[in-house]
There are 2 protein chains.
Amino acid sequence: MPAIRTARARAREELTREIKQEARRQLASVGAQQLSLRAVARELGMASSALYRYFPSRDELLTALIIDAYNELGDAADHALAGTEQAAPRDRWCALWTATRDWARANPHEFALVFGTPVPGYAAPRTTVEPAARLPLALIGVVRDAPLRPTPPGPPPQGALPGQLTALAAAFAPGLPPHVVARGVSAWVQLIGLIGFELHGHLVGSIDPADDFFTWTAAQTADTLGL
Amino acid sequence: MPAIRTARARAREELTREIKQEARRQLASVGAQQLSLRAVARELGMASSALYRYFPSRDELLTALIIDAYNELGDAADHALAGTEQAAPRDRWCALWTATRDWARANPHEFALVFGTPVPGYAAPRTTVEPAARLPLALIGVVRDAPLRPTPPGPPPQGALPGQLTALAAAFAPGLPPHVVARGVSAWVQLIGLIGFELHGHLVGSIDPADDFFTWTAAQTADTLGL
DNA sequence: TCTTTTCGAGAGCACTGCTCTCGTTTCGAC
DNA sequence: GTCGAAACGAGAGCAGTGCTCTCGAAAAGA
């Protein structure tokens with residue numbers, strides 16, 4: 001069935017791709033907030049109502065763009081890893097940080113789409129979690145495969161946290177001590193939080209430009225992880 | 001002049017307040033994205049066009065709400081500080097963290113408004129920077145006034161970073177070593193980034209609920225600062 | 001060949017932010 | 001007290017939005 005496709009199916013696939021492509025263009029230039037279905041249709045020379053044959057709603061189109069963005073970010077991470085195959089784990093860690101920031105600065109609206117304020121009433125469908133996990137998994141992989149220096153223990157996890165950390169470790173990095181997992185999540189929050197701060201202008205007037213602070217933070221997190 | 005005001009000026013002040021109040025109500029219930037000038041006017045029983053006598057545009061109304069939100073957050077921080085006047089600096093630090101998270105969870109749309117994705121083409125006017133600085137200044141104050149344990153030096157700041165850090169220290173916390181300032185900014189990014197992650201559902205399925213991870217992060221940042 | 005499904009287009013609905021105009025009300029100077 | 005200027009509220013209207021419904025044409029499968 002998938003080998004030979006009808007002309008209609010091929011046309012549908014192609015048009016779906018074209019719609020997404022044009023939507024991405026608009027997303028990059030005006031942001032998700034201003035992305036207009038009618039404008040996409042206008043640019044493609046079709047009636048706006050025809051667009052609904054391909055995407056049942058604006059949110060559905062945005063979801064497709066979210067998945068694309070996650071995958072692009074994941075590709076950037078994989079590419080950074082592939083380029084540092086032989087490097088020290090610490091350098092691979094920093095390469096992942098730099099690649100993430102570079103991608104975010106090149107695609108600020110895409111970054112905001114996936115890590116920014118979600119549309120109210122919008123719940124990310126299951127299909128997004130796998131591409132969303134690619135970058136965090138890449139970061140975890142570097143830590144998991146590296147010989148870690150011993151680090152000071154730090155504050156002990158309390159309450160439900162130890163269980164959450166061991167569950168996380170069991171799922172993605174068996175054998176990693178809980179306090180390292182906690183610092184890994186911390187680093188993940190820092191990575192995205194810092195890029196968000198920079199992109200949204202919350203560092204203007206203090207740490208601006210943020211290049212050197214970013215590399216310092218990458219090194220700092222590598223230190224606390226024992227990389 | 002401000003002692004005796006004309007009836008018109010008083011009416012204007014009151015209506016301005018009422019508009020902002022109703023807008024806040026809508027902001028809290030549907031978010032900034034869905035905040036509608038017409039709905040505000042409708043709720044107030046006035047024509048939508050009349051609203052433009054008080055706020056020249058929707059963005060201007062949002063700016064007023066942003067300032068309100070920053071000030072409420074600043075009030076929450078001040079209140080937390082006032083309630084821990086005699087406590088150890090480390091506990092005051094953690095109290096500020098908790099107060100910030102509590103406020104954010106109680107007012108998620110307000111949090112998103114100030115720390116989330118900014119409206120495209122919107123540049124925060126100067127009037128917002130002073131209320132925006134209240135929480136960071138409260139955090140800095142705790143660190144500045146505390147006797148700090150010596151901490152391991154960590155990675156050395158490079159490039160433009162040392163200058164930015166000393167400038168920041170000179171402006172807000174004279175005498176604070178640069179590496180402590182850097183960790184302070186890091187903690188600030190973590191605080192807001194972590195709350196954003198929690199609020200926007202990026203921790204669902206991994207660290208969820210985030211209560212204990214949050215207190216652990218607060219303690220962890222206090223440790224690295226030497227509190 | 002005939003029926004069923006798919007498709008594109010157009011009209012239309014209920015919204016939105018914002019502008020302009022038009023009477024009315026209020027204020028301040030004379 | 002009077003009168004001109006400023007401020008005000010309401011209404012109509014513009015250009016735009018997401019989305020629905022209907023209708024005729026085209027393609028697909030029996």
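Order of the sequence lines sets the chain letters (A, B, ...), proteins ahead of strands, with each chain counted from 1.
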Asks: Without hydrogens or angle criteria, can the side chains of A:Thr215 and A:Trp97 be said to hold a donor-acceptor pair below 3.5 Å?
Replies: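 Absent: no donor and acceptor within the cut-off.
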Asks: So A:Leu15, base contact, sugar-phosphate only, or nothing? Heavy-atom distance under 4.0 Å.
Replies: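 Sugar-phosphate contact only.
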Asks: What is the separation between atom CD on A:Glu43 and atom C1' on D:dG16, rounded to the nearest whole Å?
Replies: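 A:Glu43 atom CD is separated from D:dG16 atom C1' by 16 Å.
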Asks: Select base, sugar-phosphate, or nothing to describe what A:Ala11 touches, counting heavy atoms under 4.0 Å on all strands.
Replies: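 Counting heavy atoms under 4.0 Å across all strands, no contact is made by A:Ala11.
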Asks: Between the side-chain atoms of A:Arg38 and the base atoms of D:dG16, is any donor-acceptor pair under 3.5 Å?
Replies: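 Under the 3.5 Å cut-off, the side chain and the base do not form any donor-acceptor pair.
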Asks: When you measure from the side-chain N and O atoms of B:Tyr54 to the phosphate of D:dG9, is any distance below 4.0 Å, counting only OP1 and OP2?
Replies: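 Answer yes for this pair, as a side-chain N or O of B:Tyr54 is under 4.0 Å from OP1 or OP2.
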Asks: Counting only heavy atoms not in B:Phe172, do more than 12 sit closer than 6.0 Å to its CZ atom?
Replies: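 For B:Phe172, atom CZ is not crowded (no more than 12 foreign heavy atoms under 6.0 Å).
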Asks: Provide, to the nearest angstrom, the distance between the CD atom belonging to A:Glu18 and the P atom belonging to C:dC7.
Replies: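 Computing the A:Glu18:CD to C:dC7:P distance gives 15 Å.
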Asks: Return the value, rounded to whole Å, for the distance between atom CG of B:Leu37 and atom C1' of C:dC15.
Replies: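 Result: 13 Å.
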Asks: Could you tell me how far apart A:Gln33 (CD) and C:dT16 (P) are, to the nearest whole angstrom?
Replies: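 Distance check: A:Gln33 CD to C:dT16 P gives 15 Å.
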Asks: Rounded to whole angstrom units, what separation is found between the CD1 atom of A:Ile19 and the C1' atom of C:dC7?
Replies: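 Atom-to-atom, A:Ile19 to C:dC7, this comes out as 12 Å.
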Asks: Can you find a donor-acceptor pair, distance only, under 3.5 Å between A:Arg58 side chain and D:dT17 base?
Replies: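 No pair found.
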Asks: Would you say a side-chain N or O of A:Arg42 is under 4.0 Å from OP1 or OP2 of D:dT17?
Replies: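 For A:Arg42, the contact criterion (side-chain N or O under 4.0 Å from OP1 or OP2 of D:dT17) is met.
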Asks: Walk me through whether A:Ser186 and B:Trp216 qualify under side-chain hydrogen bond (donor to acceptor under 3.5 Å, both in side chains).
Replies: CA-CA 10 Å; A:Ser186 239; B:Trp216 178 86; over 6 Å; no
Asks: Indicate whether any N or O donor in one side chain lies under 3.5 Å from an N or O acceptor in the other, for B:Ser206 and A:Gln164.
Replies: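 Their side chains do not contain a donor-acceptor pair, so the 3.5 Å distance test is not met.
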Asks: When you match A:Ser48 and A:Arg53 each to their closest nucleotide on DNA chain C, which lands nearer the 5' end?
Replies: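 The 5'-side residue here is A:Arg53.
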Asks: On the nucleotide C:dC7, are OP1 or OP2 found under 4.0 Å from the side-chain N or O atoms that A:Tyr52 carries?
Replies: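 Answer is no, no contact under 4.0 Å.
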Asks: Check the distance between D:dA7's C1' and B:Arg8's CZ and give it to me in whole angstrom.
Replies: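 Distance check: B:Arg8 CZ to D:dA7 C1' gives 4 Å.
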Asks: Could you tell me whether the phosphate oxygens of D:dC8, OP1 or OP2, come under 4.0 Å of any side-chain nitrogen or oxygen in B:Arg12?
Replies: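 It does, given that an N or O in the side chain of B:Arg12 lies less than 4.0 Å from OP1 or OP2 of D:dC8.
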Asks: May I ask you to verify if any side-chain N or O of A:Ser36 is less than 4.0 angstrom from the OP1 or OP2 atom of D:dG16?
Replies: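 No.
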Asks: So which atom in A:Ala182 and which in B:Phe213 form the shortest heavy-atom distance, rounded to 0.1 Å?
Replies: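 Looking at all heavy atoms of both residues, the closest pair is O-CE1, 3.7 Å.
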Asks: Taking N and O atoms by type only, does the side chain of B:Ser49 place a donor or acceptor under 3.5 Å from a partner on the base of D:dG11?
Replies: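 In this structure, the two groups form a donor-acceptor pair.
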Asks: Would you mind telling me which residue lines up with the more 5' stretch of DNA chain D, A:Ala39 or A:Pro56, judged by nearest nucleotide?
Replies: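 The 5'-side residue here is A:Ala39.
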Asks: Roughly how many Å is it from CG in A:Leu35 to P in D:dC19, rounded to a whole number?
Replies: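 In whole Å, D:dC19 P lies 11 Å from A:Leu35 CG.
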Asks: D:dA7 P sits how many Å from B:Phe55 CZ, rounded?
Replies: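 Going from CZ in B:Phe55 over to P in D:dA7 covers 17 Å.
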